[in-house]
Amino acid sequence: MTMTSKEIVRRTIHHQDHPRIAWDFATVSDLKHVGTVRLINKETEPFYKWGYYPELQKKANFMNGEVCMDVYGNILGRLNGITKGECVLGALESGLEDIDKYSFPQIDLAFTEKVKAENNFKDCDKYVLSGLPFGVFSTLRDLRLMVNALMDIAADPELVENYLEKFAQFAVKLVDLAGDCGVDGVMIADDWGMQDSPFISPNSFAKLFKPVYKKITDACHNRGMDFLLHSCGYVLPLVPHELEAGIDVFQFDQPEAAGSEMWARDFGDKAAFYSPVDIQKILPTGDRELIETTAYNMVTNFKKYGGSLIAKDYPDYPSVGVKPEWATWARDVILKNSDMK
């Protein structure tokens with residue numbers, strides 16, 4: 001009996017026998033990506049698009065570049081129009097003491113109802129994945145700015161806990177709405193790592209953030225959904241806590257930061273991994289032998305330790321200096337060697 005794409009991905013995530021490595025490539029994919037939740041903020045809506053808004057530029061003291069405002073009320077800035085930008089003035093930069101005066105964005109319930117009415121994701125042959133518009137750390141990082149968020153974690157953990165309690169209630173609402181739509185899994189983006197260490201200590205993560213992740217993953221699992229976490233950088237010291245919090249799949253764009261062989265050997269029976277060939281150390285080199293060898297080793301190591309890999313393309317190769325043919329070299333090797341036999 002031939003398995004559907006949905007079954008292959010589900011069995012990959014839940015460590016059950018499956019015929020081949022799962023794929024999410026531009027040319028062939030076992031996944032269907034959908035939007036189920038949309039946030040709105042009438043006050044910031046006029047500034048969603050990048051532009052030169054004097055009132056925002058002056059407020060953020062960012063006069064030489066483009067700015068925009070996100071649904072959370074943060075002002076983002078960028079130079080030369082070539083990046084996704086970075087927060088230059090957080091909506092809670094004044095301090096987490098003001099959390100009781102702050103309102104998280106409104107949820108566009110009509111959007112979710114429209115998605116439900118127009119789709120039957122339960123019967124889709126592909127694994128239906130919905131990205132959600134929040135991150136546990138990244139939302140805090142932008143609301144406070146990175147330097148302030150890190151200082152809060154070190155110096156005022158009680159304030160962070162108070163903020164996270166309110167944030168968790170907001171996040172669980174979004175998870176439940178995705179569940180109402182019948183998707184198979186949800187994914188959020190939370191970058192936790194620098195090049196050689198996480199931003200915070202494992203102890204701080206366990207005390208402050210693991211309980212929030214647990215509430216979110218419990219909400220997912222109660223609705224029969226998997227929880228996928230995108231995170232960049234060297235995050236290995238946090239992974240044991242993240243597993244205890246219930247993360248099902250790690251989406252790493254830099255699997256070689258710690259080593260794809262290690263991920264497969266040490267964690268392949270505890271989680272699944274959703275990754276391209278490394279977009280920092282490997283693909284940008286343009287070295288065909290290195291790219292093909294790394295792709296081969298990645299896919300064969302995961303097969304050796306149970307096959308808990310969903311191999312994927314990076315969604316924006318030009319932004320990381322990767323030419324299409326370089327990505328094709330990696331993709332072709334993985335497709336050729338995906339059979340679990």
Side-chain angles (χ1 to χ4, degrees), residues 33 37 39 70-72 74 76 84-87 90 92 96 104-105 129-150 152-153 157 160-161 163-175 178 185-195 197-221 225-255 257-258 263 267 271-276 279-280 312 314-315:
H33 296 270
V37 178
L39 302 178
D70 67 17
V71 290
Y72 289 90
N74 305 307
L76 283 68
K84 296 178 180 178
E86 186 59 60
C87 188
L92 281 173
L96 287 180
F104 287 104
L129 178 63
S130 177
L132 294 182
F134 70 84
V136 178
F137 176 65
S138 61
T139 301
L140 171 64
R141 177 199 68 204
D142 285 347
L143 286 170
R144 288 288 289 132
L145 293 190
M146 174 68 87
V147 63
N148 296 323
L150 295 177
D152 290 340
I153 291 166
V160 176
E161 285 181 312
Y163 159 82
L164 288 173
E165 181 178 346
K166 293 176 171 60
F167 172 80
Q169 296 172 10
F170 170 72
V172 167
K173 289 180 184 178
L174 304 188
V175 169
V186 299
M187 186 168 77
I188 70 167
D190 248 349
D191 290 343
W192 276 109
M194 297 178 283
Q195 292 298 316
S197 71
F199 290 121
I200 67 174
S201 72
N203 287 340
S204 290
F205 179 90
K207 183 176 188 298
L208 295 173
F209 294 95
K210 182 161 70 171
V212 184
Y213 275 109
K214 187 68 167 61
K215 290 177 181 178
I216 295 169
T217 62
D218 282 349
C220 286
H221 298 154
M225 297 183 295
D226 304 309
F227 182 81
L228 291 75
L229 175 65
H230 161 84
S231 198
C232 282
Y234 186 85
V235 298
L236 177 58
L238 304 183
V239 166
H241 293 298
E242 291 172 334
L243 287 170
E244 290 175 2
I247 279 76
D248 299 298
V249 182
F250 292 100
Q251 200 281 292
F252 293 152
D253 291 328
Q254 301 166 254
W263 291 125
F267 295 97
F273 293 82
Y274 178 36
S275 296
I279 67 164
Q280 186 178 77
K312 71 186 294 288
Y314 185 68

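Computed from a prediction, not measured in an experiment: that's the story for all the values here. Numbering starts at 1 and runs along the sequence shown.
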How long is the span from the [atom1] atom in [X] to the [atom2] atom in [Y], to the nearest 0.5 Å?
X: Leu238; Y: Phe250; atom1: CG; atom2: CZ; answer: 9.5 Å
X: Leu145; Y: Asp152; atom1: CG; atom2: CG; answer: 10.5 Å
X: Met187; Y: Leu129; atom1: CE; atom2: CG; answer: 5.5 Å
X: Asp70; Y: Leu39; atom1: CG; atom2: CG; answer: 10.0 Å
X: Ile279; Y: Tyr314; atom1: CD1; atom2: OH; answer: 4.0 Å
X: His241; Y: Ser204; atom1: NE2; atom2: OG; answer: 10.0 Å

Does Lys166 count as lying over the ring of Phe104, i.e. NZ or CZ under 6.0 Å from the six-ring centre, within 45 degrees of the axis?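 No cation-pi geometry.
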Mind checking whether [X] and [Y] have side chains closer than 4.5 Å, heavy atoms only?
X: Leu150; Y: Arg141; result: no
X: Met194; Y: Phe199; result: yes
X: Val249; Y: Leu229; result: no
X: Leu132; Y: Phe227; result: no
X: Leu76; Y: Asp142; result: no
X: Cys220; Y: Val186; result: yes
X: Pro105; Y: Phe170; result: yes
X: Asn74; Y: Leu143; result: yes

Can you tell me if [X] uses its side chain to pair, donor with acceptor, with the backbone of [Y] under 3.5 Å?
X: Ser275; Y: Phe252; result: yes
X: Gln254; Y: Cys232; result: no
X: Trp263; Y: Phe273; result: no

According to salt bridge (charged side-chain N to carboxylate O under 4.0 Å, His left out), does anything in residues 208-219 pair up with another residue at least two apart or in another chain? List the pairs.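 Every salt bridge (charged side-chain N to carboxylate O under 4.0 Å, His left out) pair that includes a residue of residues 208-219, provided the two are not neighbours, is Lys210-Glu244, Lys214-Asp218.
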Partners passing side chain to side chain donor-acceptor pair (under 3.5 Å) against Gln169 (at least two apart in sequence or in another chain):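 So Gln169 forms no side chain to side chain donor-acceptor pair (under 3.5 Å) with any residue.
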Report the C-alpha separation of Lys173 and Val37 in whole Å, then their side-chain angles, then the decisive distance to 0.1 Å, and conclude whether the side-chain contact (heavy atoms from CB on, under 4.5 Å) test is met. CA-CA 10 Å; Lys173 289 180 184 178; Val37 178; over 6 Å; no
Non-hydrogen atoms of [X] and [Y] that approach each other most closely:
X: Leu208; Y: Pro157; answer: CD2-O, 3.7 Å
X: Ala257; Y: Gly233; answer: CB-O, 4.1 Å
X: Thr139; Y: Tyr163; answer: CG2-OH, 3.7 Å
X: Pro276; Y: Pro255; answer: O-CG, 3.5 Å
X: Leu140; Y: Val160; answer: CD2-CG1, 4.3 Å
X: Asp248; Y: His221; answer: OD2-NE2, 2.7 Å

With side-chain contact (heavy atoms from CB on, under 4.5 Å) as the criterion, how do Phe137 and Ile153 come out once you've worked through the C-alpha distance, each side chain's angles and the decisive distance to 0.1 Å? CA-CA 11 Å; Phe137 176 65; Ile153 291 166; 4.0 Å; yes
Check the orientation of Trp192 and Phe209. Use parallel for under 30°, tilted for 30 to 60°, and perpendicular for over 60°.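 Perpendicular.
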Given the rule in the side-chain contact (heavy atoms from CB on, under 4.5 Å) test, do Leu92 and Asn148 qualify, once you have shown the distances and angles that lead to the verdict? CA-CA 10 Å; Leu92 281 173; Asn148 296 323; over 6 Å; no
Between His230 and Asp253, does a side-chain contact (heavy atoms from CB on, under 4.5 Å) hold up when you go through it step by step? CA-CA 8 Å; His230 161 84; Asp253 291 328; 3.3 Å; yes
Phe134 and Phe167 aromatic centres sub-6.0 Å: yes
Regarding Ser138 and Asp190, do their side chains bring together a donor and an acceptor under 3.5 Å, going by distance alone? yes
